[in-house]
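Before any comments, here is the structure.
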Number of protein chains: 2
Amino acid sequence: MQPEYERPIVTVDIVLMTIVEGALAVALLERDNAPFQGVPALIGGYVHTDEDEDAEAAVRRILKAKAGLEGLFFEQLRSFAGRDRDPRGWSVSIAYFALVPPSLLSGGTGKTLLLRPASAPGELPFDHERIVLAARERLRGKGAYSTIAACLLPKVFTMSELQGTYETVLGETLDQSAFRRKMKDLDLLEEVEGEKRQTLIARRPTTLYRLKAAPSVFDRRI
Amino acid sequence: MQPEYERPIVTVDIVLMTIVEGALAVALLERDNAPFQGVPALIGGYVHTDEDEDAEAAVRRILKAKAGLEGLFFEQLRSFAGRDRDPRGWSVSIAYFALVPPSLLSGGTGKTLLLRPASAPGELPFDHERIVLAARERLRGKGAYSTIAACLLPKVFTMSELQGTYETVLGETLDQSAFRRKMKDLDLLEEVEGEKRQTLIARRPTTLYRLKAAPSVFDRRI
DNA sequence: GTAATAGTGTCTTTAAGACACTATCCA
DNA sequence: TGGATAGTGTCTTAAAGACACTATTAC
């Protein structure tokens with residue numbers, strides 16, 4: 001057996017994103033401990049080798065403990081590893097990005113998350129700005145080719161809400177007719193019984209939809 | 001400062017792929033040390049916190065030391081982390097995939113790499129079969145939307161060779177006319193002076209090309 | 001009726017696929 | 001000349017974009 005090298009620190013960091021006032025926002029949390037105690041940073045923590053089965057288990061544990069959130073969509077982004085990213089020494093951050101509908105945050109469950117514009121989260125400790133950037137790129141890239149944008153909405157939504165979500169994820173406006181045609185062709189949504197008004201003032205009621213299956217990718221742009 | 005948890009083992013594993021007889025192949029290496037000593041596995045090794053600046057540095061060091069290869073295209077795939085993937089304990093493998101032109105392997109530099117079909121690499125230790133699968137999916141996915149396939153060829157290549165490479169990466173045949181039109185529209189190649197024959201028997205000489213820039217993505221399928 | 005959003009129809013433009021054709025070389 | 005691959009032209013098909021139009025509600 002070859003000599004063992006000093007083991008790096010291993011953490012999990014989560015870029016939790018939502019939509020606030022039509023723009024993407026990242027959720028930050030003031031750090032409990034040194035280094036950077038009290039400074040807003042990505043939601044994260046050590047991997048607990050005694051209780052976490054794998055990295056996803058760590059993510060679930062941390063999201064629940066630190067943000068009071070469960071059942072979110074999340075997926076691994078990539079890892080950031082090196083000597084200089086953490087003052088404690090050589091470290092690995094297995095980065096995830098997670099999406100949460102704003103309705104889940106306004107509910108009582110969420111802890112006091114700081115919501116900052118994803119495009120300008122302010123100065124962040126470690127290499128967290130880079131991680132946020134990677135998450136934004138991933139979301140934008142996947143937005144055009146998958147249904148993940150729907151994870152920023154409640155389970156049931158209107159076609160306009162879905163289109164609006166895609167528009168903020170992609171950062172461009174979409175044609176209503178083309179959007180609906182594409183969604184219909186892809187056959188990923190199913191209608192839900194019930195009616196909905198969008199604002200207080202009067203107008204035509206709307207069909208409600210939900211995803212037929214878990215978020216999935218498709219071959220062509222929206 | 002919160003209590004420190006037992007630190008996981010951190011390794012880097014590389015899915016080195018090339019083309020052999022028109023099919024994708026993975027390069028394996030017999031393991032020097034326990035566990036699974038002598039068993040073919042992905043090229044990998046511990047992160048050396050004393051000498052590796054970051055994970056990419058570890059990849060470069062390992063590729064050079066264990067395969068005698070330098071200057072390859074490689075990129076991070078994702079990490080695989082958990083309690084049960086390595087008998088030594090909770091571990092993180094930061095997985096990379098790398099592409100190498102077959103010509104570089106046949107040269108004297110390469111060590112004794114085992115080349116196995118990527119679609120059937122045989123039984124592998126740890127979760128290396130899963131990592132190979134992830135690499136194949138990534139290559140296939142990116143193949144249709146990027147120029148990475150060109151990394152499986154020498155710097156200078158013919159249009160037919162490029163098309164052939166795309167065909168093996170994507171696992172489907174492509175129309176010659178459409179392929180050339182697409183390549184021309186994308187304007188990612190530049191002509192190189194010089195002539196080339198493809199086989200021994202006589203035929204028309206061919207224009208040679210090279211990538212204008214580092215591998216990049218485009219918005220639509222090939 | 002009007003205001004407001006929901007939803008459709010259709011023409012245009014663009015990209016991809018199919019496939020036959022011509023070009024250029026060597027033996 | 002024929003064999004072989006290089007390279008082009010053009011028609012068809014499919015998807016995306018533009019944009020105007022109709023529908024249904026509250027008031």
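Just so it is clear, the structure is predicted and the values come from calculations on it, not from any experiment. Letters A, B, ... mirror the listed sequences (proteins, then strands); counts begin at 1.
The side-chain heavy atoms of A:Tyr209 and A:Glu191, taken from C-beta on, include a pair separated by under 4.5 Å.
Here C:dA6 presents its C1' atom at 13 Å from CD of A:Glu161, a figure rounded to the nearest Å. Regarding A:Leu208, its CG atom lies at a distance of 11 Å from the P atom of C:dA6, rounded to whole Å. Between A:Gln163 atom CD and C:dT5 atom P there is a gap of 13 Å when expressed in whole angstrom units. Across the protein-nucleic acid pair, B:Asp219 atom CG and C:dA16 atom C1' stand 14 Å apart, rounded to whole Å.
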List the protein contact pattern of nucleotides 7-17 of chain D with one symbol per nucleotide (5' to 3'): B for base contact, S for sugar-phosphate-only contact, - for none; contact means a heavy-atom distance under 4.0 Å. BBBB----SBB
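Scanning for side chain to side chain contact (heavy atoms under 4.5 Å, CB included) contacts around B:Ala144 gives B:Leu170, B:Arg221, with sequence neighbours left out. In terms of the side chain to side chain contact (heavy atoms under 4.5 Å, CB included) criterion, residue partners of A:Ala150 (sequence neighbours excluded) are, by chain and number, A:Phe157, A:Leu162, A:Leu211. Residues forming a side chain to side chain contact (heavy atoms under 4.5 Å, CB included) with A:Arg180 (at least two apart in sequence, or on another chain): A:Met159, A:Gln176. With sequence neighbours excluded, the residues that form a side chain to side chain contact (heavy atoms under 4.5 Å, CB included) with A:Glu195 are A:Arg197, A:Pro205. For A:Thr18, there are no side chain to side chain donor-acceptor pair (under 3.5 Å) partners at least two apart in sequence or on another chain.
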